[in-house]
Amino acid sequence: CSSLAGIMLLEVFLVLGAVIIYFLLYKKKEETLPFKEGWWGKGQKPDTEEDTTIWPFKVETTEEELSDLFRRLDQARFTEPLENSCFHYGTNSVYLRKVVSYWKNQFNWKKQVEVLNKYPQFKTKIQGIDIHFVHVKPPRLPEGQSAKPLLMVHGWPGSFYEFYKIIPLLTDPASHGLSDEHVFEVICPSIPGYGFSEAPHKKDFNSVSAASIFYELMLRLGFNEFYAQGGDWGWLVCTNLAQIAPNHMKGLHLNLASVTNMGFIHLLSILLGRYLPGLFGFQDEDVRRMFPFLEKGLYRILQESGYAHIQATKPDTVGCGLNDSPVGLAAYILEKFSTWTDLEFHNLEDGGLERKFNLDDLLTNIMIYWVSGCIVSSMRFYKENLQKGIGTQKHERLTVQVPTGIASFPNEVMHTPRAWAQKKYTNIVSFHFMPRGGHFAALEEPELLAEDILQFVGKVEKEQLWRKK
Amino acid sequence: QTILCLPRSFDYSQKNAVLVPAAALGVGGMLVYWLTSRHKIKTIEMGDGWWGSGERPLKGKEDESIRPFKIETSDKEIEDLHRRLEQARYTPPLEGAAFHYGFNSSYLQKVVAYWRNQFDWRKQVEVLNKYPHFRTTIEGIDIHFIHVKPSYVPHGRAVQPLLMVHGWPGSFYEFYKIIPLLTEPARHSLNEGDVVFEVICPSIPGYGFSEAPHQKGFNTIATARIFHKLMNRLGFKEYYLQGGDWGSRITTNMAQMLPQSVKGLHLNVVFTSKQGLRMMISVMLGAYVPWLVGLTREDVRRMYPFIQKNIYDLLRESGYLHIQATKPDTAGCGLNDSPVGLAAYILEKFSTWTDKSFLHKDDGGLESKYSLDELLTNVMIYWVTSSIVSSMRFYKENISKESLTADARVGVYVPTGIAAFPQELAHTPHTWAKEIFKNLITYSYMPRGGHFAAFEEPKLLAEDIMRFVRKVEQL
């Protein structure tokens, strides 16, 4: 009897030992995300070598474009809102009428085009499609310094234009009361299918495809090492870029850090985190932002994710009318600038839009979608990224070792605590609770965001953290 | 031994002479109460409502007149439509996308070309006006309906009143092909039996020619109450109900509200309130031993693979529901301004909800089951009445934390008939339907057809309605 027990015990130890060794070995293996080859042009890929020239680009408009827009604004058909509904049913059409009136009578698209053209823009063909980007170099450099390349990626329903306020703070910090210890040259591309970047003609263009294209862009511009910053889809594209090319990325700064790979620990921390925050690494501010979870987590997500659901399943259907009705397009996009800036804005009759933004900026962003006719292709990005479900793709399970800085804004729709973020971003150098601001951080609170980027880069550069990966 | 001693020690005193019959009375009374209360049906509160603009007028009675109504159009309306169709801006589909990304814009351009050049709205308005239309004000808003009586009634036959309620993105127009089969079955060579109907098809407030509510909170229960008032105003005390999509929820609420007025309820779509653990077990066992959980072979064929059909497919098809239940004013805004956008949005449903395999077709299989004239007439009803936004608000008013649980617990006791069409989005087997519909008289597996049953397979649906009503009349 005892010898049998002895054999069983030995077996148990052997199995245990094997399991431990397996985990030790498994942990050492750090996977990178492979660069995604692709060809997104029309029809067959030609045999010839791709043209790698970079040519200057200017936004243009015509009288015809303007008169077509005005005609559509004039013929807009509105539906009266329910009594006392504010923004609870979506964009309030009484307020929308005011916006349209401004759009027709005061908004000056020709002037805004000049504003857009104040920064140098370029196009270049990568993987078969024309990629648009803004490239701003510092007007002056302090003695002995070189400009640090910074790639900034927008999201939906934003555009490269969201960065127009923050760019000068980064390329010329001294003139804006910021420290000029680090000066950047900023590159803001448009995600393929958005704005002036050509839309992919083939299926399957997802965030990894975009990251691969932007990687090629940075290499083509001659940058061997660079920083990247992003929110919304920009968060995911920059994260993928950090996974594809960790040796080229000195640092990754995010104003959104979602966790899509939820596991048992996350569920447990949702159930118990309010009562035992310390156990799950939650800080007081985390608890304040996340709980009660049903209200601030689940219901809020359900309430605000209808657009993502329909765009991830039927983008061509939902975008069709929006590409044909500028008023419909404005209603759809403005709703996000209201709710994602402050959820409380849905209790206001005007959605609080002009509290944090001015109509010229909001309409310029909408005009970018209108004149480029890109609303449908912008929505297809949701399907390509989400169609297999959240948390199912390979890159979602991979971690990020690049030094990361996270600016956590309080009015973001859902809060991600550092405790969750660090499971994916294993090298978090800075994580700050920002005092105010929502989803469109760069447009709404450019100084706050710039300061956080600067302090993050300061930390990375001081300790040369990118060498220590 | 001690137990056997008890009866002997029973003291036949006066006190006991009172206690024993009192106890017997008590037990008997409880028994009677229990027996009768089992037959006392729980109903939904009728309540009341006001949906007009501003405050409800304190004085004066509501105008209860029923006014004849005719649909009209004008050159201006048609020119405006044509101009918008001509200026439509399209986005080319991805290569090989078919209908997987939504409505294929290459096919949409063909539809719009037909709409601009061949579709004759004036002619369609005449088609719409071939049945008598009316409007009447109930709870502050104008309710539109058509009322079709049989042109002749065979000697000695009773005419059954039948209220048929449409859904989204449909309209009263969906019933135009089935109405003659129900009002004049003999002429259309349907089994005569003794069943002839007069049909009333209202438009749900916020849809088509019914005025949209101006106040928040207009849900299926308010609709049910308004439709009861309508039937009452038309002089009907008892009637049959038929519905699919929202019509199914509304008619079910009507049966739960005033069962004594509902002779029978016929549905082509059934919404089950998921009953948690029991349903899960039933689903899991159903894959292997369907007979054990009351599932038939046809049930299994339609429901499994369960995760694929009931979760993935539903998630793929419910984006519209999610956005309409949360941001209807946003979702509908552009559609009320772009007829092409409106057509893409609505016709996508007529494709996918008719047959799921249509997703793989470049033209969405639309013209294999419907004519463009029919499809566009339905779209035009939404367009000329500007009702797309109010139609979408119905989703928000009905899908909220509160409303999802409210009427789920009240059963349906009126005689019910269910026609289960194979291409419906989700299949509800007989065993699950029985949990809610306590008096299920007929349950039919239809041989073909999808969500828009009355529109797509009017003869099949009419036959099933008649079969059901015949059985109810015999009871």
Side-chain angles (χ1 to χ4, degrees), chain A residues 42-43 68 71-72 75-85 87-93 96 199-203 299 302-307 309-332 335 373-377 380 383 387 389, chain B residues 53-54 80 83-84 87-97 99-105 108 212-216 218 315-345 348 386-390 393 396 401:
Chain A
K42 239 191 229 183
D68 171 85
R71 198 174 53 242
R72 291 171 195 258
Q75 72 183 24
R77 300 184 349 155
F78 298 91
T79 305
E80 289 313 303
L82 290 175
E83 294 180 13
N84 302 314
S85 55
F87 261 61
H88 293 126
Y89 286 71
T91 303
N92 185 300
S93 66
L96 185 64
H201 299 258
K202 309 261 187 290
K203 293 186 270 191
Y299 286 153
L302 281 176
Q303 180 71 20
E304 298 304 325
S305 58
Y307 80 100
H309 191 167
I310 199 172
Q311 289 168 205
T313 50
K314 313 283 183 186
D316 284 32
T317 297
V318 61
C320 180
L322 305 182
N323 200 40
D324 200 33
S325 161
V327 171
L329 180 68
Y332 202 93
E335 187 217 281
C374 71
I375 186 67
V376 171
S377 49
R380 285 179 188 152
K383 184 176 197 300
Q387 63 188 334
Chain B
S53 330
D80 171 85
R83 198 175 54 242
R84 292 173 195 254
Q87 73 183 26
R89 301 186 346 159
Y90 301 92
T91 305
L94 290 176
E95 293 171 14
F99 260 60
H100 292 286
Y101 284 71
F103 205 99
N104 185 300
S105 65
L108 182 64
H214 299 257
Q215 309 294 336
K216 295 184 272 190
F218 188 82
L315 275 178
R316 189 190 64 219
E317 296 306 323
S318 55
Y320 81 100
L321 190 141
H322 194 166
I323 200 175
Q324 289 169 206
T326 51
K327 315 281 182 185
D329 285 29
T330 299
C333 180
L335 304 183
N336 199 43
D337 199 34
S338 161
V340 170
L342 180 68
Y345 201 94
E348 184 219 280
S386 279
S387 56
I388 187 66
V389 171
S390 48
R393 284 178 188 152
K396 185 179 195 312
K401 287 180 277 174

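The sequence lines fix the lettering, A, B, ..., with proteins before strands; numbering per chain opens at 1. Only a predicted model underlies this, so the values are computations on that prediction, with no experimental measurement involved.
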Partners of F218(B) by ring-ring contact (aromatic ring centres under 6.0 Å, His included), sequence neighbours excluded?
W51(B)

For Q324(B), is it the side chain, the backbone, both, or neither that has a heavy atom closer than 4.5 Å to a heavy atom of chain A?
neither

Any donor-acceptor N/O pair, T330(B) side chain to Y332(A) backbone, under 3.5 Å
no

Region of S105(B) that comes under 4.5 Å of a non-hydrogen atom in chain A:
neither

Using non-hydrogen atoms and a 4.5 Å limit, figure out which bit of N84(A) sits close to chain B: side chain, backbone, both or neither.
both

Check: Q387(A) and H100(B) side chains under 4.5 Å, non-hydrogen atoms:
no

Sorted by chain and residue number, the side chain to side chain donor-acceptor pair (under 3.5 Å) partners of K203(A) (sequence neighbours excluded) come out as none

Do you know which of A331(A), S305(A), A199(A), G43(A) has the most heavy-atom pairs under 4.5 Å to chain B?
S305(A)

Take K396(B) and L82(A) through the side chain to side chain contact (heavy atoms under 4.5 Å, CB included) test and state the conclusion after the steps.
CA-CA 12 Å; K396(B) 185 179 195 312; L82(A) 290 175; over 6 Å; no

To check you understand the geometry: which heavy-atom pair defines the closest contact between S338(B) and D324(A), and what is its length?
OG-OD2, 2.7 Å

Step-by-step side chain to side chain contact (heavy atoms under 4.5 Å, CB included) determination, V389(B) to E80(A)
CA-CA 9 Å; V389(B) 171; E80(A) 289 313 303; over 6 Å; no

Given that the side chain runs from C-beta out, which part of L96(A) has a heavy atom under 4.5 Å from chain B: side chain, backbone, both or neither?
side chain

Heavy-atom pairs under 4.5 Å with chain B are the metric here; pick the option from V318(A), N92(A), L302(A) that has the most.
L302(A)

Measure distances from S53(B) to the heavy atoms of chain A and classify the residue's part below 4.5 Å as side chain, backbone, both or neither.
both

Tell me, side chain or backbone of E348(B) under 4.5 Å from chain A's heavy atoms, or both, or neither?
side chain

So which of N323(A), T79(A), T313(A), T91(A) has the biggest tally of heavy-atom pairs under 4.5 Å with chain B?
N323(A)

Full working for side chain to side chain contact (heavy atoms under 4.5 Å, CB included) between Y307(A) and K327(B)
CA-CA 9 Å; Y307(A) 80 100; K327(B) 315 281 182 185; over 6 Å; no

Is L108(B) in contact with chain A via its backbone, its side chain, both, or neither, using a 4.5 Å heavy-atom distance?
side chain

Greatest number of non-hydrogen atom pairs under 4.5 angstrom with chain A, of A331(B), G102(B), A325(B), falls to G102(B)

Looking at every non-hydrogen atom in both residues, tell me the closest pair between R84(B) and Q75(A) and how far apart they are.
NH2-O, 2.6 Å

